[in-house]
Colleague: 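For reference, the structure I am asking about is given below.
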Amino acid sequence: MNKKAIQWLYGELPRLVAQGILTPDAEARLRTHYGPVEPARPARLAVIIFGVLGALLIGAGIILVLAHNWEDLSRPVRAVLSILPLAAAQGLAVWTILKRPQSLAWREGSGTLLFLMIGSSISLIAQTYNISGDLPGFLLTWSLLGLPVVYLLNAVVPALLYIWGITEWSCHLRFEDGFAAGYWPLAALLLPLIAIWLRSGRYQVRPTLLLWALCVSVTVAAGVTIERVLPGLWIMLYAGLFALMFLAGEFWFADAEGFWNRPLRHFGAAGVMVLAFMLTFEWPWREIGWHYWYWERIHDVSWRAIPDAVLGSLIPISATVLLVMSVRRKTPLGLLFGLAPILAVVSYALVSLTETYAPAAGIFDLYLLVIGIWLLVTGIRIGKQGQMNAGLLAITALIVARFFDSDLDFLLRGLIFIALGIAFLVANIVMLRRKGASHEQA
Amino acid sequence: MNKRNSILLGLGVVIAAQLAVPAWMIIRHESTLREGKVFKFRTQPVDPADAFRGRYVLLRLEPGVVKVTNARQWHYNQKAFAVLGVDSNGFAIVESLERDAPAGKTALPIHVNWTEEKNGQVHIDWTGLDRFYMTEKKAPAAEEAYREHNRITNRSCHVTVRVRGGRAVIENLFIEDRPIRDWLK
């Protein structure tokens, strides 16, 4: 049951007992039934946030102080000074483990400072010796040296910094025409941490934050780590990835409430819808398929295509396995969003075989329309405004995009836009009224 | 060993690794600066308007083009070694390009930029030798000063680079044989 609802119920209980509606015995039994609810502790959260912010400011301040009069110092002195902030941050981390091992604020704060100081000390030394270039090398060294901090201090902000580091690394490597598939084993180094955190409470703030960051990171990495030897592979890869996220969220994080507490489900759903919208156009379907193999690349370094084959097959297949499971569990939304990779593969094959684009784009027109209507109708029925608006948004985007494709006159377009706007307003007003009414009845 | 001690032990190992990386950078570059052979490279800011980006002076070392017998065997982004020599004015020249580090010769790793097969020329990038760091205030001042004086007389700019065992470190930047920091005063 909803944590907030239980809190509300517990707040009401003394009054109900006083009015004689409930006996004290019934109150006690209700409390045993629902169990204890840990009250939200905003003060503690504030301490953690300010701890991390403080660490960031101190880190930046130390670098600025060092930069002042920097040139008047001799080279060896500068080099030694570059290491000092790192050593200080390390000292703070040791102190935290010795004196404040239970304090989340100290662990997060000192872990963040230490992670940042690793990067700052390496780059200050690079400045001292006029070392340039090799940004990917720097990012990789920094991230790998910072990763143990995540585990030893059991802290989430350094984990977020690590995710940023390896994502940035893979992007820069790709930009320099390097082999970026190393991202996947690097990201896998966080799996033990995720497993530990999820086991101790999958709906807590820290694993949730980590999952949001990983959703973004993996989405970026999927694009930069494939070699693009098979044009259009990204269509199946991303359809599989977003469906996989959604289904995993639907299966293993079903009890979470609110938008932010369900990263996999909501990121995946948004991903499927944005991708489906893109695929309603003809441009993604042009010049794709096995007739357009990028032979030049495959002759150059054929082993670099291995990640394409692995990712391009593994992700859609895993998504399909989850889809089969969702058929058994009879979750209509899972079925709807999980269909994306199958449609992508079918459309891809269709385009490759026939070299016509319209049917594939048409399939996704229909798919997005069904998603939109389903979300709209179910959203209204179960009283979820967000879901209803997502459905309306999908339908609106589809209609707007198709109208720009067609040669309809301005008057008709204008009228359609007005109608869509009215639909949005009316749906939301009705929903709010209904919520208000049910609130009053309660 | 209890949990706290094992965490502390782990942290000890991590701290050692974290300190070892910057310490190794210092040792490697200091030893190159102290024991390396000095080469003078003519240089110019890539584009006077864009050369001094905030905290560092962006350099383009010369020679940027190397004459080769067969330009076809080189391609974009290929790693190669430039065997260094010195011309009659005391500036560095590239005697030849090699695929592997040549034994017994002073050579630096470079990247091939593009080739001109007709003229037998290979355009090269001096890997990692394109920045000279200065403080935020001095870098724009250096830009202004260089531009002003370059307009009046065509002054030359060069850097001294220490080379040892295939590694190079920029030692100083000179305008008209004066270190840039003295020249700005």
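Reminder, nothing fancy here: chain letters follow the sequence lines and each chain counts from 1.
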Colleague: Count the heavy-atom pairs under 4.5 Å between each of B:Ile26, B:Val14, B:Thr127 and chain A, then report the option with the highest count.
Modeller: B:Ile26
Colleague: By a 4.5 Å heavy-atom criterion (distance strictly below it), what part of B:Leu33 contacts chain A: side chain, backbone, both, or neither?
Modeller: side chain
Colleague: Need one label for A:Leu114: side chain, backbone, both or neither, based on atoms under 4.5 Å from any heavy atom in chain B.
Modeller: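 For A:Leu114, the contact with chain B is made by the side chain alone.
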Colleague: Heavy atoms only, distances under 4.5 angstrom: which of A:Val149, A:Leu98, A:Leu153, A:Thr141 has the most pairs with chain B? Name it, please.
Modeller: A:Leu98
Colleague: Counting neighbours of NZ on B:Lys37 that are heavy atoms of other residues, nucleotides or ligands and sit closer than 6.0 Å, is the number greater than 12?
Modeller: no
Colleague: Do A:Arg75 and B:Glu30 make a side-chain contact, defined as non-hydrogen atoms from C-beta onward lying under 4.5 Å apart?
Modeller: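 The answer is yes, as the side chains (C-beta and beyond) meet within the 4.5 Å cut-off.
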Colleague: Could you report the tightest heavy-atom contact between B:Pro22 and A:Leu86, atom names first, then the distance?
Modeller: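 Heavy atoms of B:Pro22 and A:Leu86 come nearest at CG-CD2, 4.1 Å.
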Colleague: Could you measure the distance from the CE atom of B:Met25 to the CD1 atom of A:Ile83? Nearest 0.5 Å is fine.
Modeller: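 One finds 9.5 Å between CE of B:Met25 and CD1 of A:Ile83.
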Colleague: About how many Å separate CG of A:Asn130 and CD of B:Glu171, when rounded to the nearest 0.5 Å?
Modeller: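 It comes to 10.5 Å.
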Colleague: Within the supplied structure, the quantity of interest is the number of heavy atoms (other residues, nucleotides, ligands) at a distance under 6.0 Å from A:Phe179 CZ; does it exceed 12?
Modeller: yes
Colleague: Is there side-chain contact between B:Leu8 and A:Val94, with at least one heavy-atom pair below 4.5 Å?
Modeller: yes
Colleague: Going from CD1 on A:Ile118 to CG on B:Leu19, what distance comes out if it is rounded to the nearest 0.5 angstrom?
Modeller: 9.5 Å
Colleague: Which atoms of A:Ile122 are under 4.5 Å from chain B, going by heavy atoms: the side chain, the backbone, both sets, or neither?
Modeller: both
Colleague: At what distance, to the nearest 0.5 angstrom, does CG of A:Leu124 lie from OH of B:Tyr133?
Modeller: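 If I round to the nearest 0.5 Å, the distance is 10.0 Å.
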Colleague: Counting only non-hydrogen atoms closer than 4.5 Å, does A:Ile97 touch chain B with its backbone (N, CA, C, O), its side chain (CB onward), both, or neither?
Modeller: both
Colleague: If we define contacts as heavy-atom pairs under 4.5 Å, which of B:Ile7, B:Ile170, B:Ile15 has the most with chain A?
Modeller: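 That would be B:Ile15.
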